[in-house]
Structure formats: C-alpha cells, structure tokens
Amino acid sequence: MANSRTGRKPFLHIHADDYGMNDSSCRRIETCIQGGCLNGISLMPNGCLAPGQLDRLDIPMAVHLNLVEGRPLTPPEEIPLLVGDDGYWKYSFFGLLLLSLGPRRKEMARQVSLELRAQIAAVRRLLPANAPVLLDSHQHTHMIPLIFHALLKIVEEEQLDVSYLRIPAEPIGPFLREPSLYHTYQPVNMVKNAVLNFLWLFNRSAFRKTGIPTAMFCGILFSGHMDADRVLKVFPHFVRLAQKRGCDLEFLFHPGYIKTGEEFLDSRKASFNAFYLSEGRKAESAALRDARLCALAEQYRHETAAGCHT
C-alpha cells in the first residue's frame, strides 16, 4: 500500500537468524558482521546466550521467538499442550497451525502467551535497558493467526515499544520478473511462500492497527541457499516495488552453519539439523561477505530505517 513516503530510497535490513544455536555458529555469524554487510541479527531465547556475550555486537538484535526447536523457557508442566514428555517442543510449524484450528485453541493461546512473554523478557534482560524491541520467529511461526494475535496482545498489555515486527509475506512479483531463476526454486519453498502469504490475510488488519513498523521481505523462495548471484538478480525488482509502496527492505540470511560433530540446539530435529549442516548455509555466509552485495548494502544504508505498515 503506497503512503507519503512512496518513491523514497528504502533502508536495507540485511539480517541473519538463529544467533545462539551454538558458540561456533555464533562466531560464524559474527564474521559476517565484522567482515561483511550483515546489519541485524535475531537471538534464540532458548539458545546459548549469556550475559555480556552481546556487548561487542553494535547492531540491532531481535527476539527470535521459538516454539518448535529445543526446550521452552517456561516449566514444561505449565505448557503441557506444547511440549512432549521429554520437555522439548513437540510440534512443527504445520503441527502448531493444525493445533490452533482445533478445539483446544483457547488453551493453546494461553500456553503460547506464557512462553512468548518468557522469551521476550529473557532476551530483553541481555540487552541494554534502552534497546529497541524487534520481534520475529523461528520458522515464522508467529504468522499463525492464533500466535500472531497472542503476540499483539502481549505487546499491548506490556506496553512494549516495538520498533520492528517481521512480516514474511514475501511478494512473488520480483521473482516472476527473472525467468532465468524459475528452475532454481525448491517446491517446499514455494509452498512456504504461499502459506505465509495466505496466513497474512488473517493478520493484516490487526497488524495495521498497531502502527508497528515492518519492511518488505525476501528470504523464503531462496531459503536454504540465499546466494549472492540470485539475490543480486531480484534486488532491483524489490527496490522498485519497495519504493512504490513506500517500504524498507529486509533480506534474510542464515549464515550460522554448523559443522559435523558440533552441538545442535535439538539433536532430535533431523530435518532442521540437515539444514544447519548444509552447503547452502555456507553459501549464505559467503553471500554476506560478497563485495557486490556489500556495495549495495552501503548504498541503501543512507538514512535511518523508517519501516512501513504494509
């Protein structure tokens, strides 16, 4: 939706998720800050984060709400609907979506709210008191309408001054303008794109009422292999669309790969862990240190981010 800032040069968020998976993964993300163009990260509330660890990172840091991997911060007996007997999260994105449509949705909302509050509070304790509140989620589970509305309720009740909430409703238009890339999209990512855009239809009205800033998003169709060559091809199309809508841009990467023998956040999640070990994550790390992408990032860091409300 166009607004008074239509035509302005967008601010470019080049963001990395999953900081806190393990110490080695964190260091690999940090190399993309120190020797690359990464200018924002998301912190795993139930990961390997410690007091003082973040002091050296002078970039925006978001709460990466996590309801699908590892252990919760809330005692398992208080959220039995969401965790297994072993105390680990038991549902995937689609498992949570199905649960949210069933007869126990009210109880699910109550238990989800307990954990979201705990995770937001845990990350805020690690950051300076005046640090901005930025929110997103692992596997984009906050886009499930029940979880999305529970999150907005927490923001309102706790009077959180949220300066950014990721909306991963990735537009398809920029990709359609590059036929040479059609054969490179993985079917699973095409499904994810469609599902997230569909769920956004149920969240959009409530979000717009909040006035919380967001940005146009890119990071679903390329997920698993967000390499520099493909990003550079679609980037001009994203810029034109962002200018038309008066939005900033967020490009999401996952450079925090894990090597064989290193510790996983949740060793039981075989499909997740295969992704962390993949060559695609190394390609995403290389992209963030690619001179061409870094030059673009510098061009679009000309002013303070202003966001948009989609």
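These numbers come from a predicted model, not from an experiment.
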Please work out which of the three classes, parallel, tilted or perpendicular, describes the rings of Y276 and F272, given edges at 30° and 60°.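 Perpendicular, since the angle between the ring planes exceeds 60°.
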
Quick one: are [X] and [Y] in side-chain contact, heavy atoms under 4.5 Å?
X    : Y    : answer
Y19  : I33  : no
L126 : Q53  : no
F207 : F148 : yes
M226 : C218 : yes
I167 : M143 : yes
L151 : L165 : yes
N39  : P60  : no
C48  : E263 : no

Distance-minimising heavy-atom pair for [X] and [Y]:
X    : Y    : answer
L57  : E30  : CD2-CG, 3.9 Å
I258 : S25  : CG1-CB, 4.3 Å
L146 : S100 : CB-CB, 3.8 Å
D136 : A62  : OD2-CB, 3.5 Å
P255 : L288 : CG-CD1, 3.6 Å
I29  : G256 : CG1-CA, 3.6 Å

Identify whether NZ of Lys or CZ of Arg in R281 sits under 6.0 Å from the centre of the six-membered ring of F275 and within 45° of that ring's axis.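 Ring-cation test returns yes.
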
Working to the nearest 0.5 Å, report the span between [atom1] of [X] and [atom2] of [Y].
X    : Y    : atom1 : atom2 : answer
F93  : H142 : CZ    : NE2   : 9.5 Å
L241 : M216 : CG    : CE    : 3.5 Å
L249 : F11  : CG    : CZ    : 10.5 Å

Decide yes or no on salt bridge (charged side-chain N to carboxylate O under 4.0 Å, His left out) for E156 and K153, but give the supporting numbers first. CA-CA 5 Å; E156 180 181 9; K153 186 176 181 181; over 6 Å; no

With sequence neighbours left out, write down each residue that passes side chain to side chain donor-acceptor pair (under 3.5 Å) with N273, or none if nothing qualifies.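 Side chain to side chain donor-acceptor pair (under 3.5 Å) check on N273 returns nothing, list empty.
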
I'd like to check the side chain to side chain donor-acceptor pair (under 3.5 Å) partners of R230; sequence neighbours left out, ordered by chain and number.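 Listed in chain order: T184, D227.
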
Do the charged groups of R110 and E107 touch, with an N to O distance under 4.0 Å?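 Looking at E107 together with R110, the answer is yes, because their closest N to O distance falls below 4.0 Å.
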
Start with the C-alpha gap between N197 and N193, add the side-chain angles, then the distance that decides, and say whether side chain to side chain donor-acceptor pair (under 3.5 Å) holds. CA-CA 6 Å; N197 274 287; N193 176 285; 3.2 Å; yes

Show me the donor-acceptor pairs, under 3.5 Å and distance only, between side chains in residues 70-82 and residues at least two apart or in other chains.
residue : atom : partner : partner atom : Å
R71     : NH1  : D86     : O            : 3.3
T74     : OG1  : E115    : OE1          : 2.6

Walk me through whether K90 and L99 qualify under side chain to side chain contact (heavy atoms under 4.5 Å, CB included). CA-CA 12 Å; K90 66 178 179 180; L99 185 65; over 6 Å; no

If hydrophobic clusters are built by linking Ile, Leu, Val, Met, Phe, Trp and Tyr wherever their side-chain heavy atoms come under 4.5 Å apart, do [X] and [Y] end up in the same one?
X    : Y    : result
F94  : I147 : yes
F217 : V188 : no
L176 : L221 : yes
F198 : I220 : yes
Y257 : M21  : no

Check whether [X] reaches the backbone of [Y] with its side chain - one donor and one acceptor, N or O, closer than 3.5 Å.
X    : Y    : answer
E284 : F253 : no
R245 : A242 : no
Q119 : N46  : no

Give every residue pair that meets the ring-ring contact (aromatic ring centres under 6.0 Å, His included) criterion with at least one member in residues 58-92, sequence neighbours excluded.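 The answer is H64-H138.
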
Of all pairs that satisfy ring-ring contact (aromatic ring centres under 6.0 Å, His included), the ones with a partner from residues 31-54, not counting sequence neighbours: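 Every candidate ring-ring contact (aromatic ring centres under 6.0 Å, His included) pair involving residues 31-54 fails, so no pair, neighbours aside, qualifies.
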
Would you sort out whether V68 and D266 count as a side chain to side chain contact (heavy atoms under 4.5 Å, CB included), showing the intermediate values? CA-CA 10 Å; V68 293; D266 187 342; over 6 Å; no

Can you tell which of T141, L265, D18 makes a side-chain contact (heavy atoms from CB on, under 4.5 Å) with N66?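 Checked T141, L265, D18 against N66; only one passes side-chain contact (heavy atoms from CB on, under 4.5 Å): L265.
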
Could I get the full list of ring-ring contact (aromatic ring centres under 6.0 Å, His included) partners for F238, not counting sequence neighbours?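 F238 satisfies ring-ring contact (aromatic ring centres under 6.0 Å, His included) with F175, F251 only.
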
Starting from the C-alpha separation in whole Å, work towards a yes-or-no answer on side chain to side chain donor-acceptor pair (under 3.5 Å) for K259 and S24. CA-CA 9 Å; K259 293 184 177 180; S24 297; over 6 Å; no

Does [X] [atom1] have over 12 foreign heavy atoms under 6.0 Å away?
X    : atom1 : answer
Q34  : CD    : yes
R292 : CZ    : yes
E178 : CD    : yes

Go through the steps for R27 and T31 under the test side chain to side chain donor-acceptor pair (under 3.5 Å), then give the verdict. CA-CA 6 Å; R27 287 195 295 273; T31 64; over 6 Å; no

Would you sort out whether E157 and R117 count as a salt bridge (charged side-chain N to carboxylate O under 4.0 Å, His left out), showing the intermediate values? CA-CA 11 Å; E157 290 179 348; R117 290 178 195 273; 2.4 Å; yes

